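Have a look at the structure that comes next, please.
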Amino acid sequence: MAPATPVLEATGIVKDFLGVRALKEVDFRLFPGEVHALMGENGAGKSTLIKVLTGVHAADGGEIRLQGTPVRFTGPLHARAHGVSTVYQEVNLCPSLSIAENVLLGREPRRFGAIRWKELRRRATELLARLDIDVDVRVELGSQPLAVQQMVAIARAIDVDARVLILDEPTSSLDREEVDRLFAVLDRLRGDGVAVLFVSHFLEQIYEISDRVTVLRDGGLIGEYATAELPRRDLVARMLGQEPGDLEAEQHRTSRAQDDQNDQAPFVTARGVGRKGAIAPFDLDLTPGRVTGLAGLLGSGRSESARLLAGADRADQGQLTVDGAPVTLRGPRAAIARSIAYLSENRKADGLIPDLTVTENIVLALQAAQGWARPLSARRTDELVTRWMTALDIRPRDPSLPVRNLSGGNQQKVLLARWLLTEPRLLILDEPTRGIDIGAKAQILRLISGLADDGLAVLFVSAELEEVLRLSDTVAVLRDRELVAALPGGAALTVERLMEVIATGENATGEIAPGEVTTGEPV
Amino acid sequence: MSITPGRLRALTRHRLFWPLALLAGLLLVAVADNPSFFSVRVQGGHLYGNLIDILRLSAPLALIALGMTLVIALKGIDLSVGAVVAIGGAVACTEISQLADQGSASGVVLAVGAALGLCLLAGLWNGFLVAYVGIQPIIATLILMVAGRGVAQMVTDGQIVTVSSSPYHLIGGGYLFGLPFSALTAGAVLGLVALLVRRSALGVLVESVGGNAEASRLAGIKSRGLTLGVYAFSGLCAGAAGLMISSNIAGADGNNAGLWIELDAIFAVVIGGTALTGGRFYLGGTLVGVLVIQTLTTVVLSLGVPPETTLVFKACVVTAVCLLQSPAFRHAVTSRLRRAGSRPPGASSTHIEKPEHEHEPDPTEPTPREVQNT
């Protein structure tokens, strides 16, 4: 299958950061015409390895060979000149320039110093056509969906006769259809003999697209495997360095919660709540001790409905009732004052204050609710922060670190702590497990389950159906910005069944009509 | 060397190392040129000397830079402070010049109150435009930067209004306990504000809104009120500075009072380590920045640099500070020096010299230690 000479080979790579060994003699091989997945938890050394391979960091030991010849790249540009191109997680393009300009930025065809626009457009169109993308290259890049932007970034990367294409989490912001398109492109590149290095958190995608997989853990190489011969459980076990048993142990929580809390009155009820252009009017009950899941595809209105309940956006119709009293949420403050906490979808853009310390981030919502004139005392702050950092296992256990230095999973826990500090009665979680490693994910899911058992009403939004199923007492299904069904959770509800409802919008068994809700009803 | 390289490095890394080094350097140059530069003596019942002058003349800039620090921490900018300085001086001097007895303390207090009130209003206007209308700060304050001088000239009828009022003279040119009254005022305000923002939650909330406005909104911070208050405070500070400046020259010049002082203030804030991108702010750093700027002006004069080249000289120093404060620049220089010297190849300390942000762990890729615990 793979030819004998790797196009890119690294042996014994060592990299230290301020005395911490980030890579411990890692070997890595990449053959032409393969898609190779690099797997590991956050902090395993994936990004560091990529940065060493592309010359962003100089290795402190070891050797890199490009088609058999030792090389030492001085930076990504140098690497690119040798046919090693990288597309980073965040798309690094200029949204205000046209697609054509972005594809050929810095390599525009010129005559006497002036750009030959026709030629520029022709070549850009050609390059995109190679990826099966048919767009008008004259339009502004920023006006295009993320998937197209991602393709433009890839087109830009392979223009320079790339022999190696490195993709760092290219799919984290794409929906299913867009991922399919990306994979079709990768397939084509593989056929052309390009070696693709692929980093992703999504296991299914790894199995779908990759030929081989290299697993890193804790800066060290665990092994290199043919993907097809490595069962998922084994892959997870190797990434975590533990038996996957305790992950699976997290069984469906429904059974526990149901009996004793059936007669609880809902804490928040929505009747015909909606917002033009965002989400059609919907009904929803959120009951103490219950987890309500919101399932649906990207763009189905999951986050939009959560934002209305959290006061992040204002509903323009319908009636919200909190604790039996009708309310209008004019903003997040109003929601917080009514014990509604909202963990937003994008923790970097609208969750964390990156420069502030862990402590400051944790107490922020509580402090904001108290007002600036009543600062939390140092002792109380210490006590609260220590308690929650321990309870949520936030690491490193140093509250004075700027929060941006923490890993994604720990940042998410900091945000959770921020909201739990306010002692909410309804916790709205929008994609709380996105982009964090499996271990932290399991911790967070366990935590949510425990919170609900303690009597919190939880609204849980996630793109991962397994998670929604595992956690929810009720699953509300959204489709095309409309709440189409509310299904009771439990063993009877399977991923297949859920996907069917999401896909067709029909509630085949017809037990419960859309909107006629549910969390309080016996199953 | 008795100092270990590690400690030296930690020292040079400190936010205020280069500004303080520059301040010391400037004073050394001045004293080398004029050995009596540091001498302070008692004359006319108060302390007298170059250092005292620096303190006295720093006061207006210190006040303005104080307000500017908070505005910049909110990811804003206030270009109108120079014009507000002119308004403050114009209102106070016009009122005083119309008094029957310019020496009447109560009349002066009323005039000062009116001036400060109007400047507070100017600041509120800026804050309103930024927080409630949603205009970008640079544009919102540009409006008053241009219009404010017009207002000042309307107040003074286009004339330079002179006053001779001893109570008013105290504000900018007088002395208390042998020290310049203006410096004492600025020091007291700075101290009180520092206490207020750090003892209450105000400082952190400002840093939070400046660091991530949307996240702060979702966390329930009343960012509009905060923004309004901070711009209003900046206007008030500029007004007070305007009183000092006009008091010092015993007259209000609507055209030239406080001209370009907004740029000096922004510069002082940046020297002090507060980034224009908002977030963390450092009041102590701003104070050092103010002293650097005023010392520079004084030293340039004392060196006898021809007045027409003063600005060029200043520009050179400013460029030097900016370069020295840039980790990337320092890295380029040190690594070049190192290459020139004969160091054994492959020394593993090369990455330590890199700018700080480069080896900070990527947020998505933390130190390997964490993995074991999940």
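If you're wondering where the values come from, they're calculated on a predicted model, not measured in any experiment.
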Which answer fits A/L415, side chain, backbone, both or neither, if we ask what part of it has an atom under 4.5 Å from a heavy atom of chain B?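 Neither the backbone nor the side chain of A/L415 comes within 4.5 Å of chain B.
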Check: Could you give all pairs that pass the salt bridge (charged side-chain N to carboxylate O under 4.0 Å, His left out) test and reach residues 272-282 of chain B, with sequence neighbours left out?
Finding: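 Every pair satisfying salt bridge (charged side-chain N to carboxylate O under 4.0 Å, His left out) with a residue in residues 272-282 of chain B: A/E360-B/R280, B/E207-B/R280.
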Just so I know, are the side chains of A/L364 and B/I221 near enough to count as touching, which here means a heavy-atom distance under 4.5 Å?
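A/L364 vs B/I221: side chains touch.
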query: Does A/E63 CD have over 12 foreign heavy atoms under 6.0 Å away?
result: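 Atom CD in A/E63 is packed in, count exceeds 12.
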If you count the non-hydrogen atoms of other residues, nucleotides and ligands that lie under 6.0 Å from CH2 in A/W419, is the total more than 12?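 Yes, enclosed.
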So for atom CG, which belongs to A/L401, do other residues, nucleotides or ligands contribute more than 12 heavy atoms lying within a distance under 6.0 Å?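 More than 12 within 6.0 Å, yes.
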Given heavy-atom pairs under 4.5 angstrom as the criterion, report whether the side chain, backbone, both or neither of A/R374 touches chain B.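 It is neither, since no heavy atom gets under 4.5 Å.
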> Measuring heavy-atom distances to chain B, does A/R307 have an atom under 4.5 Å in its side chain, in its backbone, in both, or in neither?
Replying inline: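 Side chain only.
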Exercise. When heavy-atom pairs shorter than 4.5 Å are enumerated against chain B, which of A/L356, A/I336, A/D355 gives the highest number?
Worked result: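 Greatest number of close heavy-atom pairs with chain B: A/L356.
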Might you confirm whether atom CZ of A/R380 has over 12 heavy atoms from other residues, nucleotides or ligands at distances under 6.0 Å?
->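 Result for CZ/A/R380: open.
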Within this structure, what is the CG-CH2 distance for the pair B/L202 and A/W372, rounded to the nearest 0.5 Å?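 Result: 5.5 Å between the selected atoms.
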Notebook entry, point to check: Heavy-atom distance under 4.5 Å to chain B: side chain of A/A349, backbone, both or neither?
Noted result: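 For A/A349, the contact with chain B is made by the backbone alone.
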| said: Within the supplied structure, the quantity of interest is the number of heavy atoms (other residues, nucleotides, ligands) at a distance under 6.0 Å from A/Q370 CD; does it exceed 12? | reply: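 Above 12, so yes.
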B/A201 to A/P375 - nearest heavy-atom pair and separation: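 So the minimum-distance heavy-atom pair works out to N-CB, 3.8 Å.
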Measuring from atom OG of B/S208 to atom CD of A/Q367, what distance do you get when rounded to the nearest 0.5 angstrom?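 Answer rounded to 0.5 Å: 10.5 Å.
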Identify which part of A/T381 has an atom lying under 4.5 Å from any heavy atom of chain B, answering side chain, backbone, both or neither.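 Neither part.
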Considering only heavy atoms, give the residues of residues 209-219 of chain B separated from chain A by less than 4.5 Å, sorted numerically, with 'none' for an empty result.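 Counting heavy atoms that sit under 4.5 Å from chain A, the residues of residues 209-219 of chain B involved are B/G211, B/N212, B/E214, B/A215, B/S216, B/R217, B/L218, B/A219.
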